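Structure below; questions to follow.
Remember, predicted model here, so these are calculated numbers, not experimental data. A note on names: the letters A, B, ... follow the listed sequences, proteins ahead of strands, and every chain is numbered from 1.
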2 protein chains.
Amino acid sequence: MKLEKIRTMEEFAAVSGISRPTLSKYFNDPGSVRSSTRERIEAALDRYDYRPNIYAVNQNRQMTRNIGIVVPYLADPFFAEVARNLEPLCAEAGFRPILLSSHGDPAQEIENLESLRAIKPAGVLLAPLGRRSHHEEVRDFCRDVPTVLFDCDIPGAGDAFIGSDNEQSIRLIVEYLCRTGEPPAFFEMTTPPNPNANKRHAAYEAAMLALGHTPRFLGAEGEGWSFEEIGYREGMRMLDGRELPTDTVLCSNDRLAIGVLAAAYEKGLRVGLGHGSALRVAGHDDHPYARYTCPQLTTVAQDYKEISSRSIGEILSIIESGIRRKTRLTKLYEGTLVMRRSA
Amino acid sequence: MKLEKIRTMEEFAAVSGISRPTLSKYFNDPGSVRSSTRERIEAALDRYDYRPNIYAVNQNRQMTRNIGIVVPYLADPFFAEVARNLEPLCAEAGFRPILLSSHGDPAQEIENLESLRAIKPAGVLLAPLGRRSHHEEVRDFCRDVPTVLFDCDIPGAGDAFIGSDNEQSIRLIVEYLCRTGEPPAFFEMTTPPNPNANKRHAAYEAAMLALGHTPRFLGAEGEGWSFEEIGYREGMRMLDGRELPTDTVLCSNDRLAIGVLAAAYEKGLRVGLGHGSALRVAGHDDHPYARYTCPQLTTVAQDYKEISSRSIGEILSIIESGIRRKTRLTKLYEGTLVMRRSA
DNA sequence: ACCTTAATTTTACGCGCGTCAATAATTTTG
DNA sequence: CAAAATTATTGACGCGCGTAAAATTAAGGT
């Protein structure tokens, strides 16, 4: 039970019997004052309700203790999960996470960055939109503010890129699919918003050729981030037209696969391995909903826990050292096969 | 192309030939200065790169132009969608939305509110966790900061509650289900985190009785916000034990239904209307993924566009009038039936 | 042109805190 | 126990902008 509200540090100095500059030191770094005074301060803090005014504090610092987190599309549960992992990691390090979503819009992305710039964050974690991002403006921002890119790369932007090894993960699932049935065709958007899709395209092609198979692509038309809808609509179209060259479809990501599975169900096609099945469908990412599709989706899990913690680690080391990276770091984490029922 | 960076309003006053107080007025409300001077300012703004320092601005205002948005669980695509709708509405009104997720944790919820309090927001839109929320502390917050609750109510907290009319929407789908087949049993969590679940429980009971049927409840054990997992696990258990008293299951929300559908698929049960089907499953909310389940989920759509815009509208009217509501407003929006394949 | 009204400029203070220099108090060391 | 080293206090200034009062200027109407 707090006795009374204290409005300024001056007042708090009066009631606590500690001088204001010492209090200021304490709030900036509790370890910088003698332990006996720290205890006195904390005892007073316990009795009185006082918190330094953020605006006054930050006005007199060139760097705040905010870390911006910008994701391309928060309505995608994958990024929601990543954000959920990132936030507590920030908080533990004593920083305030500020989460912004670009909602699939490059202009919004730049607006988010400008909005962050105004806040003078200590650092930023940015998962860019990708292909449609305004690359030059993103690079400009990264020059001014320490930034770590994750999930999706923009060449030359930021101090580091932490992501998935699409080459390895796609090879992994292609090999699995070839080993257990017909070689897969690759279901992808013809104009994907995200460059990971391009890497996966190339990785599929390389993996198929290495195994002596002919790569076959299933191009889904559509723009934007409504992947399930695109997967469903284009999946329906392909199933209608009997365009499928094989009974095995590897989707560029799980959200497309969710749409394809819905289409297959609609068409009465039994999906899965084994005899009674007409189709195998696999995805990529291990999306939170992948285990609740029908059938449960076989996919490659991105190591997003590692990606999250490494991204935070990188930005913190830049912040704490106070020096930007001279050479840009790129760190890719390997995916792991998640065998379920769909392939 | 901006000529040079201006650091302070003083400097900008010098280069633009406008006095600093006038500039201050302009930045607070561009409409408050004469149009001729507005044009001069905007011309200068076009040539020089200057933005007022947020921290200095907010220090000297008792109220900032921030609106806090607190949701219980951002990894739930429903809330992600709501947030996505809310953000542009805030921005259009000239406010900066600050999105925080409680991640299903009551302590985090209070922390979010405290964090917002420190920011002195003009107002807050709060979708509380519900049953497990620390009600007293939420009420305390709402006393200090204009707050509109949405989605889930906490009695006596905030200036208004904007939500769904569970009574109406549940009756709607119960009547539909009874009209088209066997009366439904109600699949729900025995200890739901959200009081909407309790309202839906009561609404189901009332609707069934009104139609002359016996309400039957299917209680799913489990804690937390992993509804799909609970629906799947408990659905499996019930299907294993052949506990189902009818062939029709109405789930308390779509996320549970997604789990139940996955369980039914796993068990080889054909879900849907009509002859070949062994089970009908319906949900509530019209979750973003409801149209990609197998089969597509019949459900009741919450009017979340209306809920979003009305919530913003309420908080803006409180902010702009500067007076808190004397009587607490409660506004419930009706749901609409979304007939798909599952029931 | 003159008056009224509205808008702008000048001047000046204050917000709450960071931070510095000089001084005083406390702790540590020899 | 005195000297040295560390930590706290006192006093003061500045950050960038809001804002008030008084003086000045510009716009609108007859």
Listed pairs under 3.5 Å, donor-acceptor, residues 144-154 of chain B side chains, sequence neighbours left out:
{"unit_1": "B/D144", "atom_1": "OD2", "unit_2": "B/R117", "atom_2": "NH1", "d": "2.3"}
{"unit_1": "B/T147", "atom_1": "OG1", "unit_2": "B/V145", "atom_2": "O", "d": "2.8"}
{"unit_1": "B/D153", "atom_1": "OD1", "unit_2": "B/R328", "atom_2": "NH2", "d": "2.7"}

**OP:** Report the distance from atom CZ of A/R7 to atom C1' of C/dC17, rounded to the nearest whole Å.
**Re:** 14 Å

Original post:
Over how many whole Å does the gap from A/R65 atom CZ to C/dG18 atom P extend?
Top reply: 13 Å

Original post:
Rounded to the nearest 0.5 Å, what separation is found between the CD atom of A/E10 and the CG atom of A/L23?
Top reply: 10.0 Å

Original post:
Side-chain donor-acceptor pair under 3.5 Å between A/R40 and A/S16, yes or no?
Top reply: no

Original post:
Over how many whole Å does the gap from B/Q59 atom CD to C/dG14 atom C1' extend?
Top reply: 9 Å

Subject >> Side-chain H-bond candidate by donor/acceptor type, B/S102 with B/Q108, under 3.5 Å >> reply: no

Original post:
Does the separation of the ring centres of A/F79 and A/Y73 fall below 6.0 angstrom?
Top reply: no

Original post:
Considering residues at least two apart in sequence or located in another chain, which fulfil the ring-ring contact (aromatic ring centres under 6.0 Å, His included) criterion with A/F95?
Top reply: none

**OP:** Check the angle between the aromatic planes of B/Y50 and B/F12 and answer parallel, tilted or perpendicular using the 30° and 60° thresholds.
**Re:** parallel

Subject >> Outermost DNA chain D nucleotides near chain A [under 4.0 Å, heavy atoms] >> reply: D/dT7 to D/dG16

**OP:** List in numerical order all residues of residues 13-29 of chain B for which some heavy atom is under 4.0 Å away from an atom belonging to DNA chain C.
**Re:** B/G17, B/I18, B/S19, B/R20, B/P21, B/T22

Subject >> Pair listing, side chain to side chain donor-acceptor pair (under 3.5 Å) test, anchored in residues 25-34 of chain B, at least two apart >> reply: B/Y26-B/E42, B/N28-B/R61

Original post:
Any Lys/Arg nitrogen of B/E314 or B/K331 sitting under 4.0 Å from an Asp/Glu carboxylate oxygen of the other?
Top reply: no

Pairs under 3.5 Å (N/O, protein and nucleotides 28-30 of chain C):
none

Subject >> For atom OH of A/Y55 and atom P of C/dC17, their distance in whole Å >> reply: 14 Å

Original post:
Side chains of B/S19 and B/T22: is there a donor and an acceptor less than 3.5 Å apart?
Top reply: yes

Original post:
For A/S36, which contact category applies under a 4.0 Å heavy-atom criterion: base, sugar-phosphate, or nothing?
Top reply: nothing

Subject >> Sugar-phosphate, base or nothing in reach of B/Y50, heavy atoms under 4.0 Å >> reply: sugar-phosphate

Original post:
Would you say the side chains of B/H103 and B/E109 form a donor-acceptor pair under 3.5 Å?
Top reply: no

